[in-house]
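Working notes, beginning with the structure itself.
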Amino acid sequence: MADNATIENNEKSSNELSKKKLKRDLDVEDHGDGVECGANILSGFKTTRVLRESAREKTIFIHGKLEDQEAVVILEKTPISEDSLSELFSGSRMKLDMKNDIYSTYQLQPPAHLNKIKTTVVCPATEKHVKKYQSQEIFLVKETEEDYNNITLPYIQQQSFSIQWVFNILEKKAEADRIVFEDPDSQLGFVLLPDFKWDQKQNDNLYLIAIAHQRGIKSLRDLTPKHVPLLKNILKKGEETIMQRYGLPAWKLRVYIHYQPSYYHLHVHFTALEYDAPGCDVTRAHLIQNVIQNLQLYPQYYKTQTLSFTSREDDGLLSKFKDAGRL
Ligand code: DD3
């Protein structure tokens, strides 16, 4: 019963959200192909250098300047969706590269609206953002309870990682039209929305994040049995919403918490099981189901257990572990 009420509330609020989106759409041009075209803010982008590129991932990470501000731009060729195939075959130009027996290769030039590059811009970018995208040697850190208290906790407290963007989402100051579900309860509530990494074009690489309304839960280390109802609520309603909205059942989802997280405010990752999402391996991801059970079995679990995680060469936290002689 309570669940139905939440679902109805959500339908109502998503209607309101569609209206908001409609209004926003009027502020930008639409060339009739459903693509919103704003001004090209990247026309004046000056490349400083390429931070990383991957032919396999079809991505390039560029450091540069946008109107005298430091910027990081990420370009990524988007996956080809099944829905676009008939248009792709009928509407493209093709240039033969080579032909040999029964084998031939071509360069296919798709119609403009099927030829998109997902672009992420961070501007103004800090030194930390620039470093984040450079290839780096990685190390496994085994963090004991003492390490956490003496090294990690002081480090995260003195770092003023800005999580303004998280508060903007919770307060509907940003991305409000992208919210897929919200439970507004101050203790058990959360906001569910697509992660930046997902363009929402196909379920293959589905990636959503649930951000807790409750503030002050920095990471896995802060979780105690009193948070179990919150975690269960996020898991249950997150799974239900993803089933309703994207048709993916719970058994096709990987639901987990990162340690270390990228930002120190409780959030839960929902990714498509068949998608090898960045950070979904055992050196970073903790399945929420296991987290719940560990807390129920042993209330002090995340406070006391040694937790392993990977850290990159340039990470300030890694330097602290090295300084302490722990690596
Ligand atoms: C981030 C981790 C953080 C660069 C980049 C992303 N999903 C976000 C702001 C808004 C978001 C996210 C930090 C930052 Cl590209 C530096 O992620 C975000 N909004 N992951 C959504 N929906």
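Worth knowing before you read on, the calculation uses all heavy atoms, side chains too, and leaves out hydrogens, waters and symmetry mates. Counting starts at 1 for both ligands and their atoms, in listed order.
More than 12 heavy atoms of other residues, nucleotides or ligands shown are found within 6.0 angstrom of CG on Leu108. For CD of Gln296, the number of neighbouring non-hydrogen atoms (other residues, nucleotides, ligands) closer than 6.0 Å is greater than 12.
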_Walk me through whether Glu137 and Arg312 qualify under salt bridge (Lys or Arg N to Asp or Glu O under 4.0 Å)._
CA-CA 6 Å; Glu137 192 179 346; Arg312 291 150 42 105; over 6 Å; no

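Under 4.0 Å from any atom of ligand 1, one finds heavy atoms of residues Thr120, Val122, His129, Tyr133, Trp165, Glu175, Arg178, Leu193, Pro194, Asp195, Phe196, Ile209, Tyr263.
The distance between the ring centers of His267 and His265 does not fall below 6.0 angstrom. Ring centers of Tyr256 and His286: at least 6.0 Å apart, outside the cut-off.
For the atom pair Ile138 CD1 and Phe309 CZ, the distance stands at 12.5 Å (nearest 0.5 Å).
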